[in-house]
Amino acid sequence: MAAELTSTKLNAENHLLLDQPLLRLPHELARRNFKSVQRLVEREKEYVLPALKEAAKASMSDTQTPDQTLAALDAMIARMQGLKRKMESLQQEEKNIHDQSRKRIQHLECLHQIPNLADVKYDQWSRVRLDRLVVDHMLRLGYTESAQQLARDKDIEDLVDLNVFVQCQRVAESLRRGETKDALQWCSENKAALKKSQYNLEFELRLQQYIEMIRTGEKAKVAEAMVHAKKYLAPYIETQSAEIHRAAGLLAFPRDTKAEPYRSMYCSGRWTYLSDLFVRTHHELLSLPSRPLLHIALSAGLSALKTPSCHSAYTSSSSNSLSTTTSVCPICSTELNELARNMPYAHHTKSSVENDPIVLPNGRIYGLQRLLEMSKKVGSLEAGKVKDPTTGEIFDESDLKKVYIM
């Protein structure tokens, strides 16, 4: 009884390893929101304080009329009212982030109130998690409307990152259409964070603008491209010198050139590359996993169940006509067998090897007592014969060899 309770006891900490992004993303959004508030306050302070001092100084002199002083004060008041509206919008956004974080913490806290895996509450919690993983997967694939509908139906809108992925897909889609405006605006909004990124998204976007100017072949556009390169590409000379040199060489090659690497630079496939690069950069900045959480969870489950026999030529499953067993291993099933082929094997800390192992001539290992019992159940075997329950082959008992575990 004690062993059974131990095996079904729920370890909340292990379960939550997969749910780190659930709290990490709201934290990143709150941090970015705070940075936006700081930038607004600093920018307005740099304008308002000098303007206020100038207006006060001018009002004390004879060079400015009262109407001019009042106009200057009205301009400052209008600017501060604009700041107030922006601050109210950011405050509401921060409130929404905090509400979302609270609901996510409550969702994770429920797991600590469940005593064991057999509790019906665990099934309910697991169902909510599965719904979250499916929504996350759909959002990453671009099925935005379906993901939103599922989130509404399951009442988990606060547990999934709908707005974040919708905005990400919008910019990624614009890049696939050959537009850089939205992506460059996103880079401008996240300029400080991008300095720490391992990707060079802004440089690649500016390079693509340069390529599109050269592609036209028009003299005016080529001249504009050279000015563009001095302004936007030259600052990266220390880190992207090779790319910049290739960009300079592009001036000597038409868009239908077969010479590499210029042919690849003109290739329309670069837009797909930029779209994928944006998605990777976006996920990195928001601490989002590069792979769908559903894939991560499925990979962990497959690896936990996988054994060397799962991909044996004599897999024990209902699809094997020679097998005498009826249970179907998930890894051996038609749906998951190929998917799990490259997964690592499970790491078992406790051995489940029987205490009387023997090896058959075909190399398969069984417990002697269990093999003899199964052979007797077949009933049609001659005395002194045993049957491999997996392959159906029949051997003499004298051919069995004792196995010693080292």
Side-chain angles (χ1 to χ4, degrees), residues 23-103 158 161-164 166-168 170-171 174 179-197 199-203 205-206 209 224 227-239 278 281-282 284-287:
L23 297 180
R24 189 176 295 167
L25 180 60
H27 171 75
E28 290 294 330
L29 293 177
R31 186 179 62 81
R32 290 176 59 187
N33 190 75
F34 177 73
K35 292 291 185 182
S36 298
V37 172
Q38 276 188 320
R39 284 195 298 270
L40 278 174
V41 172
E42 290 296 328
R43 186 176 64 189
E44 295 303 322
K45 185 178 72 172
E46 291 177 1
Y47 167 81
V48 171
L49 292 181
L52 186 60
K53 291 180 180 179
E54 186 66 26
K57 183 179 179 180
S59 65
M60 301 297 291
S61 66
D62 298 330
T63 59
Q64 186 167 325
T65 66
D67 289 340
Q68 291 175 321
T69 302
L70 289 175
L73 292 174
D74 287 340
M76 283 185 283
I77 290 173
R79 185 143 184 165
M80 294 305 295
Q81 287 175 339
L83 173 62
K84 180 183 177 182
R85 287 192 296 271
K86 293 177 182 177
M87 295 285 283
E88 287 174 346
S89 176
L90 291 170
Q91 183 186 29
Q92 182 60 42
E93 184 177 345
E94 183 176 4
K95 183 178 180 298
N96 294 337
I97 293 172
H98 288 168
D99 290 341
Q100 187 183 62
S101 296
R102 182 172 62 254
K103 291 180 180 179
D158 288 314
D161 307 306
L162 292 172
N163 293 336
V164 170
V166 167
Q167 293 174 5
C168 177
R170 177 179 59 81
V171 177
S174 71
E179 302 170 3
T180 59
K181 180 181 177 181
D182 291 342
L184 284 171
Q185 182 179 351
W186 183 86
C187 288
S188 177
E189 294 171 355
N190 297 274
K191 198 171 189 66
L194 284 173
K195 292 179 180 179
K196 302 177 182 178
S197 174
Y199 304 113
N200 299 301
L201 176 62
E202 185 173 2
F203 171 79
L205 292 172
R206 295 299 185 184
Q209 287 182 317
E224 184 181 345
V227 174
H228 175 90
K230 291 178 181 179
K231 182 177 181 180
Y232 295 111
L233 301 185
Y236 294 90
I237 189 64
E238 293 184 2
T239 58
F278 167 76
T281 306
H282 174 272
E284 181 196 39
L285 260 59
L286 294 181
S287 299

Inset, instruction - For Q92 and N96, run side chain to side chain donor-acceptor pair (under 3.5 Å): C-alpha distance rounded to whole Å, both residues' side-chain angles, the deciding distance at 0.1 Å, then the answer. - result: CA-CA 6 Å; Q92 182 60 42; N96 294 337; 3.2 Å; yes

Inset, instruction - Check M76 against V48 and note the closest heavy-atom contact, atom names and distance. - result: SD-O, 3.9 Å

Legend entry - Shortest non-hydrogen separation from H228 to R206 and the atoms involved: NE2-O, 3.0 Å

Taking C-beta and beyond as the side chain, do [X] and [Y] meet within less than 4.5 Å on heavy atoms?
| X | Y | result |
| --- | --- | --- |
| N190 | R32 | yes |
| V171 | F278 | yes |
| L194 | N200 | no |
| V164 | L29 | yes |
| Q185 | E189 | yes |
| Q38 | V41 | no |

Legend entry - F34, CZ: over 12 other non-hydrogen atoms inside 6.0 angstrom: no

[X]/[Y] ion pair, N-O < 4.0 Å:
| X | Y | result |
| --- | --- | --- |
| K103 | D99 | no |
| E202 | K191 | yes |
| E42 | R39 | no |

Any chance you could measure [X], atom [atom1], to [Y], atom [atom2], to the nearest 0.5 Å?
| X | Y | atom1 | atom2 | answer |
| --- | --- | --- | --- | --- |
| L205 | E179 | CG | CD | 12.5 Å |
| R85 | L90 | CZ | CG | 13.0 Å |
| L23 | Q100 | CG | CD | 10.0 Å |
| L184 | T180 | CG | OG1 | 4.5 Å |
| H98 | E93 | NE2 | CD | 10.5 Å |
| S287 | E28 | OG | CD | 4.0 Å |

Legend entry - Audit row: Q167, R170, side chain to side chain donor-acceptor pair (under 3.5 Å) steps and yes/no: CA-CA 5 Å; Q167 293 174 5; R170 177 179 59 81; 5.8 Å; no

Legend entry - Check: S197 side chain, A193 main-chain N or O, donor-acceptor pair, under 3.5 Å: no

Legend entry - Check: S101 side chain, I97 main-chain N or O, donor-acceptor pair, under 3.5 Å: yes

Inset, instruction - Would you please classify the geometry between the W186 ring and the H282 ring as parallel, tilted or perpendicular, with 30° and 60° separating the classes? - result: tilted

